[in-house]
Structure formats: C-alpha cells, structure tokens
Peer 1: 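Handing you this structure, nothing more for now.
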Number of protein chains: 2
Amino acid sequence: MFKPVTIKDIAKALGLSPSTVSRALRDGYEISPETKRIVKEYADKIDYRSNPIALSLKGRRSYSIGVVVCEVANSFFSQAINGIESIAYNKGYRVIISQSHDLYEREVINTKHLANSSVDGLLISMAAETTDFSHLSSLHENGLPIVFFDRVIDQIQTHKVIVNNFSSAFEATELLIKRGHSRIAHLASAPHLSITTERMDGYTAALNKHSIAFNPEYVQYCPHGGRIYGEVEDAVKKLLSLPDSADAIFVSSDRLSIGCLRALKKFHLNPEDMPVAGFSNSDVVELLKPTLSYVRQPAFEMGRIATELLIGLIEAKYPVTEFETKVLDTELFLNDGPLATGSKSV
Amino acid sequence: MFKPVTIKDIAKALGLSPSTVSRALRDGYEISPETKRIVKEYADKIDYRSNPIALSLKGRRSYSIGVVVCEVANSFFSQAINGIESIAYNKGYRVIISQSHDLYEREVINTKHLANSSVDGLLISMAAETTDFSHLSSLHENGLPIVFFDRVIDQIQTHKVIVNNFSSAFEATELLIKRGHSRIAHLASAPHLSITTERMDGYTAALNKHSIAFNPEYVQYCPHGGRIYGEVEDAVKKLLSLPDSADAIFVSSDRLSIGCLRALKKFHLNPEDMPVAGFSNSDVVELLKPTLSYVRQPAFEMGRIATELLIGLIEAKYPVTEFETKVLDTELFLNDGPLATGSKSV
DNA sequence: TAAATTTATGCAATCGATGCCGGGATTCCG
DNA sequence: CGGAATCCCGGCATCGATTGCATAAATTTA
C-alpha cells in the first residue's frame, strides 16, 4: 500500500537523527548550513512532504476549517463556499463541507463531528429548523472559534457576516409600492431565522412609510424553506386565493424566489399581473421568464470575509473578546437590469 | 484553550490503564463486562470522543475523501457534491472540497495537498486546462484510490462515472434536425476534455445520420470553458456572422449553455430564430426566457455512485484490479417540458 | 496442594514530527 | 594549555489511541 516518505527515512538514508532532519527542514538555527543543504536536497529529491496528521496531533492544529450550510446546491451557498475556499486555500487551510439540509439533528451531528478536534474553527449558517443552540454554545465556550454568516444568532457572541437585510427588504418592497402596488404579499422562510425576521421588518417598514396597512393574511411562511414538496406552491396559492388577492409579492429567500416564479408560471400569471421582487443569487436571474426584480447578496464576499475573520480568531495569540458583525451591502436589480442599488458601500 | 477529554483522563479517573479503557470502549473480548460498563458509563457521562487525528496517525486512515472540481458554484458540480456528501456522511467520511478553477496548476497543487496522507481517496473531475496527468498517475501508482467522474481520462485505470455523452449529444442534435434545422452549430468546451470529444462525436454522428455535411466553421471551442470574459459571446458572435449563418446551436456544457443564451439575448435573437439545445443542470432551465432544450445529467446520482465506488476501493481488503466505468443516462427536455428521454435506464 | 489454565489488566512500542535537554567536538580566550 | 563558550547534533519524551506481549490474580484441573 501507499507508504509515504517519513522524516525517519531521510534520517536513516543520511545517517542522521530524525530530530536533526526535522530541524534542518524547518531551518532550525542549531543546524549547520551544510547539513541543512544535504537534508533539503535529499528531501526534495525524494519528494518528502510532512505528514499533516502527525503535525496536527503534535500541534493540536489541523489546518482545516469546517463549514456547515443547509445545502451546497444553492447559488448563494455555493458562491459563499467559493469565497471561503479562496481564502482558506491561500492561507493553507483545508475546507471541510457538511450540509444540514435545514435539519436540526443533522446540524448537531455535523457540528459535533467537525468540532471533535479535527477542525480548527467553524463557519456556519444556521439550519431553518434550529431553535436550540446549545450544541454551538458548548463548543464556543470550550474555545472553538466560530463565525456565523447569513443566518446568524444573537445567543453567541462572535464575529458575524450578514447583509443589510432590513434595508434590502425595505427597498425591494418599496420598489413594488412605487410601481403602484399596495396589496403586497410576503413569502418568507422559517419564522425564527435571523434573515426572516430582519427582512420581515424591512417589509413592514416599507409598508408603514407609505401608509399601507399591514395585513397578516398577506404573509406566508415556509417553515421548511421550500424544501418540502408543494410548500411554496401552496403558499402562493393561498396568497392568490385571498378574497382581496395580493397584487405583488416580496420573497425573502433565494430558494423561495425561484419556487414562487415556478408556481406563478404554473398558474399562468404574467409578471405584469403579479410582479415579484425577491432575494436571489442565481446566476441566470436576468434570463428568467416570469421576470424577477431581485436583491443579490455578495455571497462570495461574505464567504471571504467570514473566513478571514475565522482564521483571525484561530491564529489569534490572545483570546479575542471584541467581536464584530460585518454588514455588507446588497444590490437591487430590476426586472430588466440594474437600476437602483442598496445603501452603497463606503 | 479547548482541551478535549482523552482516554488517559478516563483511565486516571477510574484508576485503570489507558489500554484497558481503550479495549473497554471498543468492546474488546478480554475486558470484564463490569469494567466495560463502568468505563462506558463514565465516557458517556463526560462526553468522551476519540480523537480522529490520533486514530488517523495510528491507523493510516483519515476517514476523509478529497474532491477536486473546477468550481463549486456550478449547478452540475454542486449537485454532484451533494450526492458525494450524502454517501460520505452515511459512511462516516468527511468531504474535503477543493476547486481547480479549470487551471492545471491549481489542480496539481490541490491533488498533492489532498493526497499527502490526509485523505483516503480522491474524487476528481478534470480541469479544462489539464493535459498532463502525471500528478494523478503517480498518486495512483502509489496506491491512492481515485475515482473519476464527468470529466475522465483514459490514461488511468480506475473506476469512472460518466453519462452517455455520445448518445445524449446525438439526441440533442437530432432534435434540432428534426425540427427542421440543418445548419447546426456546435459550441464546445476545451477540445481535449473527454466530455468535449464524446459529445462532439455524438453531434457529428447525428449530422451524418441525416446526411448533413459537417462544417468545421460551425464548431466553436471555448478552451477556457467560458471562464474568460467574453469567450462565449465572441464564439456565438462568430457563429452568427458566418456567411451562411447557423440556424441552431448545440451546446455541450452547462456553463456554455447559459452563456450562449445570454449572448443570444444580448443580440436580440428569439428562440424561434435560433433554437438552442445544450447540456444544463440549472434548476431553473424551464423558466429561462430564450428557451433551452436541454440535456440534464443525473449529477446527484453521479456523485453518489462515484463516492460508493471510491469507498469500495478504500475499504477493499485486497487490491482491486477490475475497474468499471458506470455510464448513466441523461434526460432530454424540450423547450416546454420533458418530451423525449435519453436511452432509458434498465 | 501444586500445576495448568483462564481471566483481566498493565506495560511498552508504535504512528510521524517536534521540543527540550544534554553531550561531544571544536573554537576561543586568558 | 586549560577552561569556557559555541556549535551541532542525538536521545528521549510527547501528542492520543491502539495492540502484542507480559503478568498478576482467579479459577480449574490433576
């Protein structure tokens, strides 16, 4: 079987001790230049690579970070993972991915599995189902660096990376209002997610500003984030079948936006009849047929920043007590191209 | 800092030796039931978990598999990764993702990094740029289990998972022919990729069958797989500006299909004027405006199968010498919904 | 009762790399 | 020329868990 070269092989071949070889390779000051040269040349010749597992055991560091997202096959998260990977790669960390599928149990198992000393830190976006955070608090209290992104929680004090959910939702809703709609429905994800409440607040604030009464019947939650068959379609159907049917829809998540369009297409509704504004990071939004005005999150950037913060925590010499919540700006695109932007970055 | 419980802690607390604790936990036959009970109860109480890194060092197994794809943020690959993760999770393996961005150098570095004893096996879909396979052959010869999927190579004998590229391309092309087109262009990815040549063969075979002369001018390659700005648009422009302009396009990759539609939209061409059939795993194809007839690959299934094969290799008691190439079926969807299917699965 | 056997546990080596300590050899200085 | 400083390098322990072998205690057998 595969038997990699070890430091002992080099030592034996060169008639040195393992410790000498080790120090020579890491440029220890106590090794003569001549010996260093010999060792390095030989190591190079036989393509020696240090065993990261042995290093991890010794140094209590694995140079890997764990990522927990609800699913990889979602534009927002795959873009975020792209950003995560780009930073991790540059800093010499491996990225270990796991999916919660928005299930509490899976999230718990995955985080435990990752944390169990095999990962130096954790990047996580909460599952829709999760309402108990003890699996994360205990890890965090034990000193495992954690950074949240997108779906964050208040209960744990650490770095977080999000977008200006409130104002993004506000602007998307206001856009519909300015286009003459007043019976604006809101299709939202699981009620207790940070992104749901913040975006909901933006939605109601926009209604308020324009003196439109908030109608609870116009709000439909999808507790499973659209992950259950028919969930979105049923929600849309309800909105359409109200006595005083909605005349526009604001959707507060990527997956739901697409589901909403699909439902509308099924019901043969044109964008003129039922305009939709929603969050989406799909890379083909501008080619969609029931058109969509959409809020696009800087997913890649969010992944990058979250990873930088995490590695900062991991490599911090002293315990970090000052945490920051990075709030990035989104972009609002209208049916036919960019038109307005979210509160611009400074 | 975070100091996990070790087997020694248990030993000390219980007045036993580490070896006894170890054997008790793994149900060694030589330990009395009473001792086992005590040890297990205590381990459970203090939430002991074995250190996977120590296990890896001892057992030369890391229970992790490396994945190299060109990019995560691509429907096909993110769906495949979803499949990979689902199997790996069930069998207790971690998944370590890395992206080549279709760059040869990145692929080499990533594979070396992964293989360097930290991974039990490798799942890889080749980068567009790669033409030299020595980085993989050497690993393979050293006994590292490797399974290829989607973009495979002939030079290494191991399990492979692909789709029936030839017949999928054949049927997609024939669809355009049956709809009355004869000047069918072909937009393809990097020329040396397995998927490119196989799909190209299907394309020409369809032309042959219907006695349509093959016109090399109708073939445009995108050596960077559409990863370079303007690459796809320029290719489409060329096809349109031929003296005898093409009247339909067959596109042989996911990314290019979307790029092609985008270019057509930019040039204000309707699907009636320039129908497109192409490979795509986007989850919103049926909502696209310049419509697309598309070949959909069972990406999730491919990931699943590739992972099962890989774990089979990893856990094989004896060296495996019989390799198989799994060929899965695709589905062909017409502009407005499913209509014909690829050679059906049995 | 002594010997053989079983049972239950501990010791020590191992995996690969590194850090600490100590020691031999050379060089330096008085 | 002798003692000290310096320079290089080897030995041993360590990280956490496993495992072959040794061994003490308990039990059975002769």
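In what follows, every chain begins at residue 1, and chains take the letters A, B, ... in the order their sequences are listed.
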Peer 1: Would you indicate what Gly28(A) reaches in the nucleic acid, counting non-hydrogen atoms under 4.0 angstrom: base, sugar-phosphate, or nothing?
Peer 2: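 If one applies the 4.0 Å heavy-atom cut-off, Gly28(A) turns out to touch nothing in the nucleic acid.
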
Peer 1: Check this for me: does any side-chain nitrogen of one of Asp27(A) and Lys40(A) sit under 4.0 Å from a carboxylate oxygen of the other?
Peer 2: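 Judged by the 4.0 Å cut-off on N to carboxylate O distance, Asp27(A) and Lys40(A) do form a salt bridge.
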
Peer 1: Using 30° and 60° as the class boundaries, would you call the ring planes of Tyr63(A) and Tyr93(A) parallel, tilted or perpendicular?
Peer 2: tilted

Peer 1: Starting from the first five and the last five pairs of the helix from dT1(C)-dA30(D) to dG30(C)-dC1(D), work out the angle between the resulting helix axes, to 10 degrees.
Peer 2: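 If I round to tens, the end axes sit 70° apart.
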
Peer 1: Within this structure, what is the CZ-to-P distance between Arg37(B) and dA8(C), rounded to whole angstrom?
Peer 2: 15 Å

Peer 1: Tell me which nucleotide among dC15(D), dC9(D), dT9(C) gets nearest to the side chain of Ile31(B).
Peer 2: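 That would be dT9(C).
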
Peer 1: Which atoms form the tightest heavy-atom contact between Ile53(B) and Ser118(A), and what is the distance?
Peer 2: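 Nearest pair, atom of Ile53(B) first, then Ser118(A): CD1-CA, 4.3 Å.
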
Peer 1: May I have the distance from Ile10(A) (atom CD1) to dT18(C) (atom P), rounded to whole angstrom?
Peer 2: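 Distance, rounded to whole Å: 11 Å.
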
Peer 1: Which part of the nucleic acid does Ser56(A) contact within heavy-atom distance under 4.0 Å: base, sugar-phosphate only, or nothing?
Peer 2: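 The answer is nothing, as Ser56(A) stays clear of every strand by at least 4.0 Å.
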
Peer 1: Are the charged groups of Glu105(B) and Lys112(B) less than 4.0 angstrom apart, N to O?
Peer 2: no

Peer 1: Could you tell me whether Tyr104(B) and His135(B) have their ring centroids closer than 6.0 angstrom?
Peer 2: yes

Peer 1: Could you check Gly59(B) against Tyr29(B) and say which one's nearest nucleotide on DNA chain C is further toward the 5' end?
Peer 2: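 Of the two residues, Tyr29(B) wins.
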
Peer 1: Whole Å only: how far is the CD atom of Glu30(A) from the P atom of dC20(C)?
Peer 2: 10 Å

Peer 1: Rounded to whole Å, please give me the gap between CD in Glu34(B) and C1' in dT9(C).
Peer 2: 15 Å

Peer 1: Strictly below 4.0 Å, heavy-atom distances to any atom of DNA chain D: list the hits from residues 39-47 of chain A, or just say none.
Peer 2: none

Peer 1: Just how far, in rounded Å, is P of dC8(D) from CG of Leu16(A)?
Peer 2: 14 Å

Peer 1: Under a 4.0 Å threshold between the charged nitrogen and the carboxylate oxygen, would Arg151(B) count as salt-bridged to Asp102(B)?
Peer 2: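 Result for this pair is yes, salt bridge flagged.
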
Peer 1: I need the minimum non-hydrogen distance between Thr307(A) and Ala88(A), along with the two atoms involved.
Peer 2: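 Residues Thr307(A) and Ala88(A), closest heavy atoms: CG2-N, 4.0 Å.
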
Peer 1: Would Arg106(A) and Tyr89(B) count as a cation-pi pair here, with the cationic atom under 6.0 angstrom from the ring centre and within 45° of the axis?
Peer 2: yes

Peer 1: When the distance from CG of Asp9(A) to C1' of dC15(C) is rounded to whole Å, what number comes out?
Peer 2: 13 Å

Peer 1: Just wondering, are more than 12 heavy atoms of other shown residues or ligands nearer than 6.0 Å to NZ in Lys326(B)?
Peer 2: no

Peer 1: If you restrict it to nitrogen or oxygen atoms, what contacts under 3.5 Å exist between nucleotides 17-19 of chain D and the protein, and what is each distance?
Peer 2:
unit_1	atom_1	unit_2	atom_2	d
dA17(D)	OP1	Tyr48(B)	OH	2.7
dA17(D)	OP1	Asn51(B)	N	3.0
dA17(D)	OP2	Ile7(B)	N	2.5
dT18(D)	OP1	Arg26(B)	NE	2.9
dT18(D)	OP2	Ser22(B)	OG	2.8

Peer 1: Would you name the heavy atoms of Ser78(A) and Val72(A) that are closest together and state the gap between them?
Peer 2: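 Nearest heavy atoms, Ser78(A) then Val72(A): CB-O, 3.4 Å.
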
Peer 1: In sequence, state the C-alpha distance, the side-chain angles, and the governing distance for Lys45(B) and Asp47(B), and then conclude on salt bridge (charged side-chain N to carboxylate O under 4.0 Å, His left out).
Peer 2: CA-CA 5 Å; Lys45(B) 198 183 106 201; Asp47(B) 200 31; over 6 Å; no

